[in-house]
Visitor: 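Got a structure for you, written out below as structure tokens; questions coming shortly.
Predicted model only: the values in this text are computed from it and were never measured.
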Amino acid sequence: MANKIYYLASCDTCRKIIKSLPKDNNLVFHDIKQNPITAEELEAMHQLSGSYEALFSKKAQLYKSMGLKDKNLTEDDLKKYILEHYTFLSRPVFIIDGGIYIGNNKQNIENVILALQK
């Protein structure tokens with residue numbers, strides 16, 4: 001399986017992170033707005049991360065506007081929302097050499113860069 005990044009091209013944070021990556025990173029870039037993730041891709045991410053909650057973004061504006069923060073969401077609910085709208089996928093998501101790196105916190109991005117340099 002190719003190393004891959006799931007990101008949003010219109011996201012400033014994603015663009016900044018992509019610029020910080022090693023130039024010869026051999027990543028396959030997947031813009032989740034232009035090319036929505038499939039159930040199979042999400043299932044593969046779930047297998048690596050162990051939960052849909054790890055993949056779900058509670059920072060999404062829709063999360064608040066839909067009142068989801070006041071609901072007790074199950075794993076099935078989280079899966080459904082991620083598949084329904086790209087904004088619910090915590091981003092970026094990197095899959096590198098069989099490992100998954102989710103989100104944009106500093107430690108995570110440092111780990112991504114180390115993984116890409118191997």
Visitor: Could you walk me through whether Tyr63 and Leu73 pass the side chain to side chain contact (heavy atoms under 4.5 Å, CB included) check?
Guide: CA-CA 11 Å; Tyr63 180 71; Leu73 299 175; 4.2 Å; yes
Visitor: Measure the CG-CG distance between Leu78 and Leu83 for me, rounded to the nearest 0.5 Å.
Guide: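 Output value for this atom pair is 11.0 Å.
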Visitor: Do Leu89 and Phe29 land in one hydrophobic cluster if side-chain heavy atoms of ILVMFWY residues count as linked below 4.5 Å?
Guide: no
Visitor: Just do the side chain to side chain contact (heavy atoms under 4.5 Å, CB included) check on Ile17 and Ile5 with the steps written out, would you?
Guide: CA-CA 11 Å; Ile17 290 167; Ile5 174 177; 5.5 Å; no
Visitor: Quick check on Lys59: does its NZ atom have over 12 non-hydrogen neighbours (other residues, nucleotides or ligands) under 6.0 Å away?
Guide: no
Visitor: Does Asn3 reach the main-chain N or O of Asp97 with its side chain, forming a donor-acceptor pair under 3.5 Å?
Guide: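 Pair found, side chain donor or acceptor close to backbone of Asp97.
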Visitor: With a 4.5 Å cut-off on side-chain heavy-atom distances among I, L, V, M, F, W and Y, is there a chain of contacts connecting Val93 to Val28?
Guide: no
Visitor: Show the numbers, then the answer: is there a side chain to side chain contact (heavy atoms under 4.5 Å, CB included) between Ile82 and Met45?
Guide: CA-CA 12 Å; Ile82 293 169; Met45 290 181 207; over 6 Å; no
Visitor: Quick one: closest heavy-atom pair of Ile109 and Gly103, and the distance?
Guide: CD1-O, 3.7 Å
Visitor: Pick from Ile96, Ile95, Leu48: which one makes a side chain to side chain contact (heavy atoms under 4.5 Å, CB included) with Tyr101?
Guide: Ile96
Visitor: Please check this pair: side chain of Asp77 against backbone of Thr74, looking for a donor-acceptor N/O pair closer than 3.5 Å.
Guide: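 Present.
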Visitor: Considering non-hydrogen atoms only, spot the tightest contact between Asp31 and Ala9 and give its length.
Guide: OD2-CB, 3.1 Å
Visitor: Taking all heavy atoms of Pro22 and all of Gln117, pick out the closest pair and write down the distance.
Guide: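 Residues Pro22 and Gln117, closest heavy atoms: CG-CG, 4.0 Å.
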Visitor: Is a donor on one side and an acceptor on the other found under 3.5 Å between the side chain of Glu53 and the backbone of Glu75?
Guide: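 Judged by distance alone, no pair lies under 3.5 Å.
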Visitor: Shared ILVMFWY cluster between Leu27 and Tyr6, side chains joined below 4.5 angstrom?
Guide: no
Visitor: Should we say atom NZ of Lys33 is surrounded by more than 12 heavy atoms from elsewhere, each under 6.0 Å from it?
Guide: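 Counting neighbours around NZ of Lys33, 12 or fewer heavy atoms of other residues, nucleotides or ligands fall under 6.0 Å, so no.
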Visitor: To the nearest 0.5 angstrom, please state how far the CD1 atom of Ile102 sits from the CG atom of Leu55.
Guide: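 If we round to the nearest 0.5 Å, Ile102:CD1 and Leu55:CG are 4.5 Å apart.
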Visitor: Report the distance from atom CG of Asn35 to atom CD of Glu41, rounding to the nearest 0.5 Å.
Guide: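 Going from CG on Asn35 over to CD on Glu41, the span is 7.0 Å.
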Visitor: First locate atom CD of Glu43, then atom CD of Gln47, and finally report the distance between them rounded to the nearest 0.5 Å.
Guide: 5.0 Å
Visitor: According to the side-chain hydrogen bond (donor to acceptor under 3.5 Å, both in side chains) rule, which pairs have a member within residues 87-96, sequence neighbours left out?
Guide: none
Visitor: Which pair of non-hydrogen atoms, one from Cys14 and one from Leu8, has the smallest distance, and what is that distance?
Guide: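 Looks like CB-O, 3.6 Å.
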Visitor: Filter on side-chain hydrogen bond (donor to acceptor under 3.5 Å, both in side chains), then keep only pairs touching residues 15-30, sequence neighbours left out; what's left?
Guide: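 The answer is Asp12-Arg15.
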Visitor: Are Leu42 and Leu62 co-members of a hydrophobic cluster defined by side-chain heavy atoms under 4.5 Å apart?
Guide: yes
Visitor: Sequence neighbours left out, what pairs pass salt bridge (charged side-chain N to carboxylate O under 4.0 Å, His left out) with at least one residue falling in residues 106-118?
Guide: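 Non-adjacent pairs meeting salt bridge (charged side-chain N to carboxylate O under 4.0 Å, His left out): Lys106-Glu110.
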Visitor: Using 0.5 Å steps for rounding, measure from the CD1 atom of Ile18 to the OH atom of Tyr7.
Guide: 5.5 Å
Visitor: Hey, what do you get for CG (Asn108) to CZ (Phe94), rounding to the nearest 0.5 Å?
Guide: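 Here the rounded value is 8.0 Å.
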Visitor: Is the ring pair Phe88/Phe56 parallel, tilted or perpendicular, if the boundaries are 30 and 60 degrees?
Guide: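 If you compare the ring of Phe88 with that of Phe56, the planes turn out parallel.
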Visitor: Verify the ring-centre separation between Tyr52 and Tyr81: is it less than 6.0 angstrom?
Guide: no
